[in-house]
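Some notes on the structure that comes next.
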Amino acid sequence: MNARILDGRSLGRTIRTQIRADVEELTRNAAVVPGLAVILIGEDAASRVYVTNKIKACADVGIRSTLIEYPNDVPAEALIDAIKHLNQDPAMHGILVQLPLPPHHDVRAVLHAISIEKDVDGFHLYNVGGLVVGDMIFSPCTPFGVMKILDHAGIPVEGKNVTIVGASNIVGKPMALMMMQRDATVAVCHEKTRDLAQYTILADILIVAAGVPNLILPQMVRTGAVVIDVGINRLPDGRLVGDVDFDGVCRRASCITPVPGGVGPMTVTMLLANTVSAARRFVDRTRGPILEPKRLEGAAPLT
Ligand code: NAD
């Protein structure tokens with residue numbers, strides 16, 4: 001079997017065309033340009049690359065973005081004050097704090113300072129609670145992007161066995177909740193899981209977000225499974241790879257996402273979608289629902 005490649009770059013482009021139209025509509029009908037504030041703390045090289053990509057993607061669809069940079073040793077109070085200020089800024093509809101933070105910062109305190117209406121990453125406790133009860137306000141961007149890839153490819157989720165490798169707050173756990181919301185049977189594995197393969201081999205849909213190159217080998221994958229590789233790893237020779245042995249697993253899986261060009265571009269695309277949702281809700285809150293209902297909501301199928 002030679003797996004079908006699920007091309008996140010191409011799907012991301014299609015969705016961004018729709019987002020660009022949404023931004024134009026908001027600007028034309030409500031005189032509101034969606035705005036995203038991005039906060040970057042410290043000098044982590046990978047974080048800087050991610051932030052630069054997000055800022056460029058905003059410009060590409062007409063979202064106004066502001067990058068606010070702080071040194072590693074910025075005092076916690078200064079950071080929280082800056083977030084509170086942005087919470088009040090009517091030109092900024094979304095606020096994103098690039099993770100990971102330098103170790104001495106209290107990530108929870110920082111994330112929970114973001115107004116729930118501007119929490120476009122979906123990491124605030126309130127939004128996490130919404131995810132748990134199936135009432136999503138902002139869907140965390142990476143799992144949201146994975147759902148879009150599956151929906152666009154016509155891959156059903158209901159009743160399927162889904163194994164998720166990785167249980168982080170930003171990928172694995174919200175991914176599991178979204179899958180449960182869509183009536184999948186979900187197993188979540190992590191680094192303490194004994195005999196990972198006994199779970200992965202059961203998966204109709206295998207989602208891997210561990211940050212370990214070649215963690216998933218062909219013999220761990222059920223023939224015909226759908227494999228979603230969220231991992232991003234830079235090898236010593238400079239190559240970017242996921243967590244899955246791509247060439248080997250391609251021969252067993254029915255569908256697979258590549259790295260790069262799979263989940264990564266979709267994560268940024270869903271951030272743009274969430275920012276436009278935030279701007280739309282701002283307009284609805286402040287002036288009443290004068291616009292058409294928004295098209296890219298929660299983890300609903302792309303229509
Ligand atoms: P994390 O370090 O916070 O969590 C990793 C998870 O994987 C943990 O639950 C850990 O227990 C588990 N894990 C680690 N080694 C394992 C092993 N050998 N077997 C089973 N489980 C194991 O990482 P994260 O932030 O969730 O990111 C995971 C990966 O996804 C990283 O490579 C990251 O770069 C990538 N990522 C990609 C995107 C994207 O847009 N494509 C977005 C976020 C993260």
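Index from 1, following the sequence. What you see is a predicted model, and the numbers here were worked out from it, not measured in a lab. Atoms within each ligand, like the ligands themselves, are counted from 1 in listed order.
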- prompt: Do Thr185 and Val162 come close enough that some side-chain heavy atom pair is under 4.5 Å?
  reply: no
- request: Out of Pro100, Ser168, Gly145, Gly262, indicate the one that has the non-hydrogen atom closest to atom 23 (O) of ligand 1.
  value: Ser168
- request: Would you mind checking which non-hydrogen protein atom is closest to atom 42 (C) of ligand 1, with the distance to 0.1 Å?
  value: Thr142 OG1, 3.3 Å
- prompt: Could an N or O of ligand 1 be found under 3.5 Å from any N or O of Tyr50, whether backbone or side chain?
  reply: no
task: Provide the number and element of each atom of ligand 1 under 4.0 Å from a heavy atom of Gly166.
output: 6 (C), 7 (O), 9 (O), 12 (C)
task: State whether Arg13 and Asp60 are salt-bridged, where the test is any N-O pair (Lys NZ or Arg NE/NH1/NH2 against Asp/Glu carboxylate O) under 4.0 Å.
output: no
field: Residue and atom name of the nearest protein heavy atom (relative to atom 21 (N) of ligand 1), distance in Å to one decimal
entry: His190 C, 3.0 Å
- request: Check Ala57 against Arg16 and note the closest heavy-atom contact, atom names and distance.
  value: CB-NH1, 3.6 Å
- request: Assess the side chains of Thr142 and Thr267: does a donor N or O sit below 3.5 Å from an acceptor N or O?
  value: yes
query: Does Leu215 approach ligand 1 within less than 4.0 angstrom via side chain, backbone, both or neither, non-hydrogen atoms only?
result: side chain
- request: Record the part of Val212 in heavy-atom contact with ligand 1 below 4.0 Å; permitted values are side chain, backbone, both and neither.
  value: side chain
message: Below 4.0 Å, non-hydrogen atoms only: which portion of Asn169 touches ligand 1? Side chain, backbone, both or neither.
response: neither
query: What part of Val165 sits under 4.0 Å from ligand 1 if we count only heavy atoms: the side chain, the backbone, both or neither?
result: side chain
message: Do the side chains of Arg48 and Glu69 get close enough for a salt bridge, i.e. N-O under 4.0 angstrom?
response: yes
- request: Using a strict 4.0 Å cut-off to heavy atoms of Ala167, name the atoms of ligand 1 that fall inside it.
  value: 6 (C), 8 (C), 9 (O)
- request: Before accepting this row, confirm whether a basic side-chain N of the pair Arg9/Asp7 lies closer than 4.0 Å to the acidic partner's carboxylate O.
  value: no
Closest approach of His105 to Val74 (non-hydrogen atoms, all atoms of both residues): CE1-O, 3.2 Å
message: Starting from atom 22 (C) of ligand 1, what is the nearest protein heavy atom, named by residue and atom, and what distance separates them?
response: Glu191 N, 3.5 Å
Close-contact set for ligand 1 against Val171 heavy atoms, below 4.0 Å: 26 (O), 43 (C), 44 (C)
message: If the cut-off is 4.0 Å to any non-hydrogen atom of Ile170, which atoms of ligand 1 fall inside it?
response: 25 (O)
message: With a cutoff of 4.0 Å, is Val230 in contact with ligand 1, counting heavy atoms of the residue only?
response: yes
Protein contact of atom 28 (C) of ligand 1 - nearest heavy atom, named by residue and atom, plus distance: Ala209 O, 3.4 Å
- prompt: Has the side chain of Asp135 got a donor or acceptor atom that lies under 3.5 Å from a matching backbone atom of Gly130?
  reply: no
task: Work out whether the distance between some heavy atom of Gly264 and some atom of ligand 1 is less than 4.0 Å.
output: yes
query: Hey, is OH on Tyr70 packed in by over 12 heavy atoms from elsewhere, all under 6.0 Å?
result: yes
Charged N-O contact under 4.0 Å between Lys84 and Glu77: no
task: Could you tell me whether Arg281 sits above the aromatic face of Phe138, with NZ or CZ closer than 6.0 angstrom to the six-membered ring centre and within 45 degrees of the axis?
output: yes
- request: Could you list which atoms of ligand 1 come closer than 4.0 Å to a heavy atom of Thr267?
  value: 39 (C), 40 (O)
